[in-house]
Amino acid sequence: MTPDRYNAREAEARWQKIWDERGIFATQNDDPRPKYYVLEMFPYPSGRIHMGHVRNYTMGDVVARVKRAMGMNVLHPMGWDAFGMPAENAAMERKVHPKAWTYDNIAAMKKQLKSMGLSLDWSREIATCDPRYYKHQQKMFLDFLGAKLVEREKRKVNWDPVDQTVLANEQVIDGRGWRSGALVEQREMSQWVFKITKFSQDLLTALDTLDRWPEKVRLMQKNWIGRSEGLLVRFALDKATTPTGENELEIFTTRPDTLFGAKFMALAPDHPLATAAAKKNPALAAFIEECKHRGTAQAEIDTAEKLGFDTGIKAIHPFDKDWKLPVYVANFILMDYGTGAIFGCPAHDQRDLDFVNKYGLGNVPVVCPLGQDPKTFVITDTAYDGDGRMINSRFLDGMTIVEAKEEVAKRLEQDTAGNRPVAQRQVNYRLRDWGISRQRYWGCPIPVIHCEKCGVVPVPEKDLPVTLPEDVTFDRPGNPLDHHPTWKNVSCPQCGGKARRETDTMDTFVDSSWYFERFTDPWITTAPTDMTVVNRWMPVDQYIGGIEHAILHLLYSRFFTRAMKQTGHVDLDEPFAGLFTQGMVVHETYKRQNGEWAAPAEIKIEGDGNSRHATLLATGEPIEIGAIEKMSKSKRNTVDPDDIIGSYGADIARWFMLSDSPPERDVEWTERGVQGAWRFSQRLWRLVGEGAEISQSAPETRPAAFSPEAAKLRKAAHKALANVTADIEKLHFNVCVAHIYEFANALNTIIGDMGSENGAKEGAAPTPDFRWAMREAVNILVQLFHPMMPHLAEECWAALGHQGLVAQAAWPQVETALLVETTMTLPVQVNGKRRGEVTVARDAGNQDIEAAALALDAVQTALAGKPPKKVIIVPGRIVNVVV
RNA sequence: GCGGACGUGGCGAAAUGGUAGACGCAAGGGACUUAAAAUCCCUCGGGGAGAAAUCCCUGUGCCGGUUCGAGUCCGGCCGUCCGCACCA
C-alpha cells in the first residue's frame, strides 16, 4: 500500500507547500493559550547558509514543533542581521550596491531556509536594513539620548589611515588594518557611546537570576564586567616639582595594605599630568609618542618590556610627609582603568617588580607568608601575591591582609582637619561604555544634526526615519555618507541655520540588540514595540546560538532591554530566560601534495577503519587526511547544505545534526553518518508501512483488555514517549534520537516475531487489541520523530490514514501505568560489588527483598555463615549487603 | 598570569551517588542473491574458565579521600580545550 522507497526530494517540496498554503506556522498575538517564544540567533545574509545554520535552526525547530504540539502558542520568527561591512566590501570589489547585494542574499538564503522545512512564522520577517525597522531604532536612540543613556565622548579609537575609518579591535591584526594592511593609529575622536556602565552592577547582579543560562556564559560576562573593590587615594605632590603647580595625584588600588611597600608612582602615557609635564620636557614627549605607537597586538603586549620615564615629579606618601616617591610615566599603565595612575609596590606585583628591577628602585616586602621568617624573606624576581601577615609596615605590622586593608581605608577616609579625605572606597569595573559610531555607509544612520550655533540637535521625531541615500559611490576610501554631495547638508531643526547631518552610522550590534522585541509586533508603525504585546511575549523562553556571542551580543541585548525599559518600550530587564549555546560543525581536512586544501566534494575516500586513504577525483593524486576542524572557507572543509538537501533531503541533514553528539559539543560531519541517517529514515518508512498494514481495521475504540503481546508493544511505545518527552525538555537531542532508535528496534523485533510465531504474514490475522496497540505504536513513533524529520513524518502520518497534519497533532499522553512493572529485578551487591540479582514483586516489602537477597549463593558464600552487618535497600534501585 | 570546562571501547557517545558502555558509526562472522547493492541475523572494553548456557577477574587519565556504594562528590597531580589578560 505504500511505496518501498521514501522519495524525500519529491515529498519535502510537497509538504513545504502544504504547510505554507495553510499558514499553519503563523502565530497570532491574541491566541489565549500559554505562550512560548523560541528564537535562534538571526543570520547575517552572507549569501548562503552553512552547516552551522542548519544545526542551529534545526534545534530551534525541534523545540518549536514540540512546544506547539504540547498546546502552546509558539512564536518562532526569522529575520536578517542585514547591515554591515561585507555588503560594502562587495560594493567596492564588485560594483554592486550594498542594498541590492544584501537583498539578493536574503532571497537566496530564505529559499535555502525554506528548503529545510523549518516551522517559522515568515509573516514577521525583519531585515534590520529596512527603514521600517531602523526608524524605530533611531527613535530609541533619541529616547536614550534624552535619558542620558547615550552621550558623545572623546575616545581613543583604532584609525586606519588608508581606509579612513575606525576599526573594531577585532579588525586590527598585528597592528595593521585587516583590509588595507596599513599601520593603525590611536586617535582621539568624538564618538557616540551607549552608557552601558550605568548598569554595570545590575548587569552583574542579575546574572545570578539567569538560571537557565550556561554557567560558562554567565562567568564570561562576570569576568568581562570585571568588578573590583578598592581605594581611591590622593597623593599630595611636591608642588615645586610639578609642571604647572598641580598639588595632587589620585590613584586607584585594590591593595592599600601594601602602601608601605611603595617604591614609585606611575602614570599612563596619556594621563593629563604626563601630558602637562611633556610640554616642558621634549624627551618625555618623545617617550609618550613612542608609547602611543606601540602595538596593541597580543604578541607585542606579551613580550613588551616594562618601560618608564622619570618625570622628576615627587609624590608624598599619605602616611609620611617626608617620604617622597618618584613619579614615572610607564607604558603598562592604562588611562581607561581606574584613574590612569598607580602606586607601585614591587614586592607584591609582578609588573611593578619587573619595572623596579629595570630601573634599580629596589623593593621592600610587606606581606610575609605564614611560616616564613620575615628577617630572611626577600623578593628578587618573583613578586609574592599570596596570603600572609604584614611586615615592615609600621602600625600595620602583624595584621592580616584583610585587616590591613580595612585599617588603611579607615585611617585615610577620615576627614583630616576639615579637608577632603585622602581616600575613599571605590568599586571599579572593567566594563567600558559601548562606542557605537562607525564611519560606514551600510548601517543605521545616527539621527542627530550638528548645528554651528545650536550644537548637537536631535532629528525631530516627525522626520524619522533618517534614511540612507541610495546614490552613493565606493570608489574612494572613507565614509561614502561623508562624501555624498548633498545628503549631509541640512538646516538646523532649531534655528533653521546651516547644519550638517551626523554621517556616522551605528555599530551593527545595535541592530541585533532588540530585534527579538520587534518580532513580537513587527507591524506597528508608530512605536518600536506595542507594550501589551511585547510584555506578553517577552522574555524569549529559549534562545539558541553560538558561543561566540557569549559576551558582546548577549551583554548588549541585556543592556538594551534595560534601556528600553527605562524609556518605556518594554517592561522587563532580562530578554532571554533560557539560553543554549550550541557547538560547531567540524569536518576532516584534506591536503594536497602542493600544500593546498582540497574540498570534500573534490576527493574520493577508499578503505575503511584505520586504513582510509583519499585521492583527488580529478587527477588521482593522493591526498593527506588531516585534522578535524571547524568548517571554514580557508580550510575548504565545508559541506554545502544545498548539496545534502538535494541528494538526501532536509530531514536527513536535520536528523544527523541532532543524532551524533550532544548539542553543546562539536559535531563531526561525516559521509558515513549521513548515510546512516538516510538508512534509518528508509527503515522508519518501511516500519510505518508494515505497522499500518498490521493495524488495518483496528477497532476505533480502545479495547478493554490487552494480550501480553499487545501490552509489550504498548509498553515499548510509552516508554519511548516518556523518554523522548523528558529529553527534549532538556535539549538532549542526541539522547532522544537514541530512544527513537531503541523504539524502532523494539517495534521491528515485535513485528518480526509475529511473522514467525503467529504466521501473521502468512495470513493469520492479529487480534483486534494487538491491531489497536500497533496503530497506537506507529502513531507515537511518527510523532516522536516528527520534530526532527517533519517531512517524512507528514508522509507517514498521511500513510497511516490521518486527515490532518502531524505538525498540528497534539503531543501524545504518556500512560504512566504502562511503565510500572509488576515485578522488579534488583541488582544485589556485597560491599558495593555486584554479586547477582533478585526478582521480586513490585510491592514486595523490604523484609522479603532482604530475604531473597540473602538467599543468593554468592551472598551466602560472602557471608560465610555470619550475619550481615547491614543490608541497604534503595527502593526500586538496588540491594547492598554489607559484610 | 587569572578564570573555567573537559578526560568513559577502534570512533561519536549514554549513565537522578545505585547493574558502566544505552543508541549509533566502524569492524568481524553469517543468511538471502548467479553476483553486487539493499535488507536481515549474530559478535564486538580487556583477561580468564567452560562443550554450552553461563561464570569469575579487571576496567571511566593518575594518586588519595568521603560513602554501604564513586564515571558522578571532595583534594592533589597529568593532559586537552576555551575565555580573559600589562585591569593596578
Side-chain angles (χ1 to χ4, degrees), chain A residues 4-5 214-224 226-228 230-231 251-255 258 266 268 298 300-302 304-306 330-334 336-345 348-352 354-355 383 385 428-432 547-548 550-551 608-610 612 656 659-662 664-668 670 672-677 679-680 682-683 686 723 726-727 732 734-745 748-749 752 825-837 858 868-874 876-883:
Chain A
D4 288 350
R5 282 285 179 96
E215 187 58 39
K216 179 188 168 78
V217 175
R218 290 194 282 170
L219 195 72
M220 281 165 75
Q221 293 213 352
K222 187 182 166 194
N223 291 338
W224 187 263
R227 180 189 151 105
S228 61
L231 209 59
I251 61 98
F252 175 72
T253 179
T254 56
R255 293 297 300 275
T258 63
Q298 202 50 59
E300 291 178 68
I301 290 173
D302 285 344
E305 207 179 351
K306 305 279 173 283
N331 64 350
F332 61 98
I333 307 301
L334 305 173
D336 54 7
Y337 186 80
T339 62
I342 61 148
F343 82 87
C345 176
H348 306 289
D349 184 295
Q350 192 60 49
R351 290 159 305 173
D352 296 349
D354 293 345
F355 189 77
D385 59 3
N428 243 311
Y429 299 91
R430 215 186 62 101
L431 184 65
R432 303 268 74 89
I547 187 72
E548 67 273 19
I551 296 172
D608 38 44
N610 300 326
R612 299 166 67 241
F656 179 57
S659 63
D660 247 29
S661 293
E664 68 279 8
R665 240 178 272 179
D666 292 350
V667 65
E668 189 195 349
T670 63
R672 295 186 300 277
V674 178
Q675 279 171 3
R679 279 200 302 272
F680 185 61
Q682 294 296 339
R683 212 177 123 204
R686 286 193 303 272
N723 285 336
D727 278 316
H732 292 175
N734 58 323
V735 186
C736 291
V737 164
H739 290 314
I740 292 170
Y741 265 106
E742 216 172 354
F743 180 31
N745 291 344
N748 206 43
T749 305
T825 300
L826 298 178
V828 177
Q829 297 179 333
V830 176
N831 291 340
K833 270 191 175 299
R834 186 181 181 279
R835 293 295 172 196
E837 56 187 34
K869 276 190 194 148
K870 200 173 5 166
V871 177
I872 292 157
I873 297 172
V874 183
R877 275 284 181 195
I878 204 165
V879 182
N880 192 11
V881 181
V882 185
V883 181

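Throughout, protein chains are lettered first and strands after them, A, B, ... in sequence-line order, and every chain is numbered starting at 1.
- Distance from the side chain of Arg672(A) is smallest to C25(B) among C25(B), C40(B), A14(B).
- Glycosidic conformation of G9(B): syn, with the torsion inside 90° of 0.
- Dashed line: the shortest gap from a side-chain N or O of Arg351(A) to OP1 or OP2 of C87(B) is under 4.0 Å.
- When heavy atoms are screened at a 4.0 angstrom cut-off, Lys833(A) is found touching the sugar-phosphate backbone but no base atom.
- Asn880(A) comes within 4.0 angstrom of a nucleotide base, judged by non-hydrogen atoms across all strands.
- When the nucleotides A22(B), C41(B), C68(B) are ranked by their closest atom to the side chain of Lys870(A), C68(B) comes out on top.
- As judged by a 4.0 angstrom heavy-atom cut-off over every strand, Asn745(A) is placed among residues touching the sugar-phosphate backbone only.
- Tyr741(A) comes within 4.0 angstrom of sugar-phosphate atoms only, judged by non-hydrogen atoms across all strands, and of no base.
- In this model, a side-chain donor or acceptor of Arg877(A) finds a partner on the base of U16(B) within 3.5 Å.
- Interface remark: the Gln829(A) side chain does form a donor-acceptor pair with the G18(B) base, using a distance-only criterion of under 3.5 Å.
- Separation of the C1' atoms belonging to G45(B) and G61(B) is 16 Å when rounded to the nearest angstrom.
- Among the nucleotides A13(B), A88(B), A85(B), the one closest to the side chain of Arg430(A) is A85(B).
- Counting non-hydrogen atoms under 4.0 angstrom, Leu219(A) reaches the backbone sugars and phosphates but no base.
- Here the separation of C87(B) from G75(B), taken at their C1' atoms, is 31 Å to the nearest Å.
- In terms of phosphate contacts, Arg683(A) brings no side-chain nitrogen or oxygen within less than 4.0 Å of OP1 or OP2 of U39(B).
- Checked against salt bridge (charged side-chain N to carboxylate O under 4.0 Å, His left out), Glu548(A) has no partners two or more places apart in sequence or in another chain.
- Remark: the Lys869(A) side chain and the C68(B) base include no donor-acceptor N/O pair separated by less than 3.5 Å.
- A distance of about 41 Å separates the C1' atoms of G48(B) and A38(B), rounded to the whole Å.
- Under the salt bridge (charged side-chain N to carboxylate O under 4.0 Å, His left out) criterion, Glu837(A) pairs with Arg834(A), not counting sequence neighbours.
- Looking at the side chain of Phe332(A), the nearest of the listed nucleotides C86(B), A88(B), G83(B) is C86(B).
- Using a 4.0 Å heavy-atom cutoff across all strands shown, Arg835(A) reaches sugar-phosphate atoms only and no base atom.
- OP1 and OP2 of C23(B) both lie 4.0 Å or more from every side-chain N or O belonging to Asn723(A).
- In RNA chain B, runs of at least 3 stacked Watson-Crick or G-U pairs (N1-N3 plus N6-O4 or O6-N4, or N1-O2 plus O6-N3, all under 3.5 Å) give these stems: B:1-7 with B:78-84, B:10-12 with B:23-25, B:27-31 with B:39-43, B:45-49 with B:54-58, B:61-65 with B:73-77.
- Looking at the side chain of Ser661(A), the nearest of the listed nucleotides A13(B), A85(B), A88(B) is A13(B).
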